[in-house]
K.L.:
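Got a structure here, written out as structure tokens. Questions coming.
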Amino acid sequence: MPMFAYRAVDTSGKRHTGVEEATTPAEASHVLEQRGLLVLEIATRAAPSRRAAGARRSLLDTTRGLASLLSAGLPLSRALEVTRVVVGRGMGEVLEVVSRRVRRGESLHAALAEHARIFPPAYVGVVRAGERSGDVAAALHRLEAQLEREGALRARLLSAALYPSILALVGGVAIVLLTLFVLPRFAELLLDAGASLPASTRLLLVVSDASVSIWPVLVVGPPVAVAAAAAWVRTERGRRAASRVLLTIPGVRALRRDALAGRFARLAGTLAGGGAPLLDALGDTAESLSDPLARDEVVRVRKRVREGVTLNRALEEGDVFPPLLSRLVAVGEESGRLEEFLGKAADLFETRVARSSERLASLAEPAMILAFGAVVGLVALSLLQAIYGVNASAF
């Protein structure tokens with residue numbers, strides 16, 4: 001539902017500003033007038049995105065604040081009001097709307113579900129399960145722990161990829177400068193000296209001349225290609241194609257399957273541990289997965305479970321998740337501790353993903369150093385051959 005920013009005054013002349021949810025500006029004005037406010041200005045305001053709301057950090061702060069306040073015994077409406085004050089402006093506006101809905105008698109999960117770009121279905125599902133069990137604070141504490149684990153894993157992966165990315169950028173710039181500026185100057189110097197250029201040097205000069213003639217393409221082309229690929233991957237067709245490619249590349253396939261298994265196990269375990277029925281937990285998990293192939297797989301698994309098949313058997317029938325996931329789920333079902341073993345499976349796969357990513361990053365560093373060194377060595381060797389070909393009389 002659209003949100004409208006307003007400025008108004010009450011009967012005592014005190015000014016009020018805020019946001020109001022309504023289908024039209026007229027409806028928002030009518031709601032404000034019923035509260036005794038005289039509307040001075042009202043304008044459509046887009047619902048804050050996750051980025052405007054402070055992204056993941058803001059969501060974690062909100063979850064932590066609500067969990068702590070509810071555990072301390074504050075009523076839900078009061079906890080929302082206090083949390084709204086301490087979080088950022090974007091999330092504060094969202095919580096203001098959520099608080100108003102809760103005061104009108106709506107459930108917390110229904111109020112959060114209206115802001116799906118901020119509170120994903122799995123988040124709402126855990127809150128709904130907590131409301132059913134009568135312990136929303138415990139559900140929020142579980143969400144807090146989950147968000148912290150996801151943040152820690154994301155930080156590890158980013159740290160592992162940082163140095164290879166910088167190395168690739170610096171090496172690429174160095175090669176471009178060498179090709180566009182250094183080689184032509186050396187070639188001009190050697191030709192003026194009367195040197196007979198060897199075949200390797202002539203080949204490098206052909207590459208350099210071609211690069212100089214199409215340098216705008218070399219400079220603009222890569223960023224444009226990356227932007228176009230990113231835009232295409234944001235489409236449903238692009239996401240499916242990219243997911244399919246990642247699940248077919250040797251070496252990357254195992255890492256991708258582990259990552260998807262960890263995400264599935266974490267979401268399903270958190271939802272089921274909060275008291276949600278298994279079918280509801282699987283449904284919310286499917287809606288929360290960004291990978292389309294994994295989402296389709298969970299929908300298929302949920303359908304099979306509804307038909308009476310055990311969860312481990314349904315997982316074993318597919319090929320998106322690694323076989324180890326179905327074995328761990330089987331142990332959990334046999335022992336009656338499915339939620340616990342889903343959590344253990346998530347920990348295991350997340351650890352494997354982090355270690356594999358760090359291992360790939362550590363292998364990428366020497367590989368790139370060798371590649372860039374080989375290019376620079378080839379250029380240097382070709383130039384030295386040309387220099388040695390220059391006789392004394394030529395100088």
Side-chain angles (χ1 to χ4, degrees), residues 1-10 12 14-23 25 27-29 31-37 39-128 130-131 135-148 150-151:
M1 186 179 294
M3 293 198 297
F4 298 91
Y6 67 85
R7 291 193 302 112
V9 295
D10 57 21
S12 64
K14 183 180 179 181
R15 291 182 176 272
H16 297 265
T17 59
V19 292
E20 180 65 37
E21 264 192 327
T23 56
E27 180 183 339
S29 298
V31 172
L32 294 170
E33 289 169 0
Q34 286 182 328
R35 295 188 203 150
L37 298 176
V39 179
L40 301 177
E41 182 182 356
I42 189 165
T44 303
R45 182 183 181 89
S49 65
R50 297 190 72 176
R51 188 186 188 113
R56 303 179 185 91
R57 185 67 191 177
S58 183
L59 181 60
L60 175 58
D61 291 341
T62 300
T63 306
R64 182 182 291 119
L66 285 175
S68 301
L69 293 171
L70 290 175
S71 298
L74 267 68
L76 177 58
S77 58
R78 180 60 180 159
L80 288 168
E81 288 295 327
V82 174
T83 306
R84 181 177 66 84
V85 175
V86 295
V87 297
R89 178 182 175 185
M91 182 64 82
E93 292 178 353
V94 172
L95 291 182
E96 180 183 354
V97 177
V98 171
S99 177
R100 195 177 303 139
R101 285 175 168 271
V102 169
R103 288 198 302 269
R104 289 202 299 255
E106 291 189 32
S107 62
L108 177 60
H109 81 268
L112 296 177
E114 292 295 323
H115 306 277
R117 287 183 294 178
I118 299 172
F119 304 102
Y123 191 104
V124 176
V126 173
V127 173
R128 180 172 59 239
E131 288 178 318
D135 195 350
V136 179
L140 289 170
H141 278 302
R142 280 191 294 273
L143 285 170
E144 177 189 352
Q146 177 186 341
L147 292 172
E148 288 178 343
E150 291 177 353

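Since we're looking at a predicted model, the values are computed, not measured. Heavy atoms only: backbone and side chains are in, while hydrogens, waters and symmetry mates are out.
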K.L.:
How many angstroms lie between atom CZ of Arg57 and atom OG1 of Thr62, to the nearest 0.5 angstrom?
P.N.:
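Between atom CZ of Arg57 and atom OG1 of Thr62 there are 11.0 Å.
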
K.L.:
My understanding is that only residues two or more places apart in sequence, or in another chain, count here; which of them pass salt bridge (Lys or Arg N to Asp or Glu O under 4.0 Å) with Glu144?
P.N.:
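Salt bridge (Lys or Arg N to Asp or Glu O under 4.0 Å) check on Glu144 returns Arg64.
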
K.L.:
Applying side-chain contact (heavy atoms from CB on, under 4.5 Å), name anything that partners Ala145, two or more places apart in sequence or on another chain.
P.N.:
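If we apply the side-chain contact (heavy atoms from CB on, under 4.5 Å) test to Ala145, skipping adjacent residues, the hits are Arg149.
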
K.L.:
Is there any side-chain hydrogen bond (donor to acceptor under 3.5 Å, both in side chains) pair reaching into residues 68-80, and which pairs are they, with sequence neighbours excluded?
P.N.:
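Only Ser71-His141 qualify under side-chain hydrogen bond (donor to acceptor under 3.5 Å, both in side chains).
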
K.L.:
Minimum heavy-atom separation for Thr83 to Gly65, with atom names?
P.N.:
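Answer, listing the atom of Thr83 first, then Gly65: OG1-C, 3.9 Å.
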
K.L.:
If you look at every heavy atom in Gly92 and Val87, which pair is closest and at what distance?
P.N.:
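Reported closest heavy-atom pair: N-CG2, 3.7 Å.
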
K.L.:
Rounded to the nearest 0.5 Å, how far apart are CZ of Arg101 and CD of Glu106?
P.N.:
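It is 4.5 Å, given to the nearest 0.5 Å.
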
K.L.:
Would you indicate whether the side-chain heavy atoms of Leu143 and Val127 approach each other to under 4.5 Å?
P.N.:
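Result yes, sub-4.5 Å side-chain heavy-atom pair found.
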
K.L.:
Measure across Val124 and Phe119 and return the closest heavy-atom pair with its distance rounded to 0.1 Å.
P.N.:
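Minimum heavy-atom contact is CG2-O, 3.8 Å.
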
K.L.:
Taking atom CG of Leu66 and atom CG of Leu76, what is their separation to the nearest 0.5 Å?
P.N.:
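The distance works out to 7.5 Å.
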
K.L.:
With Arg103, which residues qualify under salt bridge (Lys or Arg N to Asp or Glu O under 4.0 Å), at least two apart?
P.N.:
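Arg103 satisfies salt bridge (Lys or Arg N to Asp or Glu O under 4.0 Å) with Glu81 once adjacent residues are dropped.
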
K.L.:
With a 4.5 Å heavy-atom cut-off, do His115 and Val97 have their side chains touching?
P.N.:
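Yes, side chains in contact.
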
K.L.:
Work out which heavy atom in Glu148 is nearest to a heavy atom in Leu60; give both atom names and the distance.
P.N.:
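Taking Glu148 first and Leu60 second, the nearest heavy atoms are CG-CD1, 3.8 Å.
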
K.L.:
If you compare all heavy atoms of Leu70 against all heavy atoms of Ala137, which two are closest, and at what distance to 0.1 Å?
P.N.:
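Reported closest heavy-atom pair: CB-CB, 3.8 Å.
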
K.L.:
Is there a donor-acceptor pair closer than 3.5 Å between any side-chain N or O of Glu96 and the backbone N or O of Arg84?
P.N.:
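No: the side chain of Glu96 does not pair with the backbone of Arg84.
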
K.L.:
Side chain to side chain donor-acceptor pair (under 3.5 Å) with Thr63: which residues, sequence neighbours excluded?
P.N.:
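Thr63 satisfies side chain to side chain donor-acceptor pair (under 3.5 Å) with Tyr123 only.
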
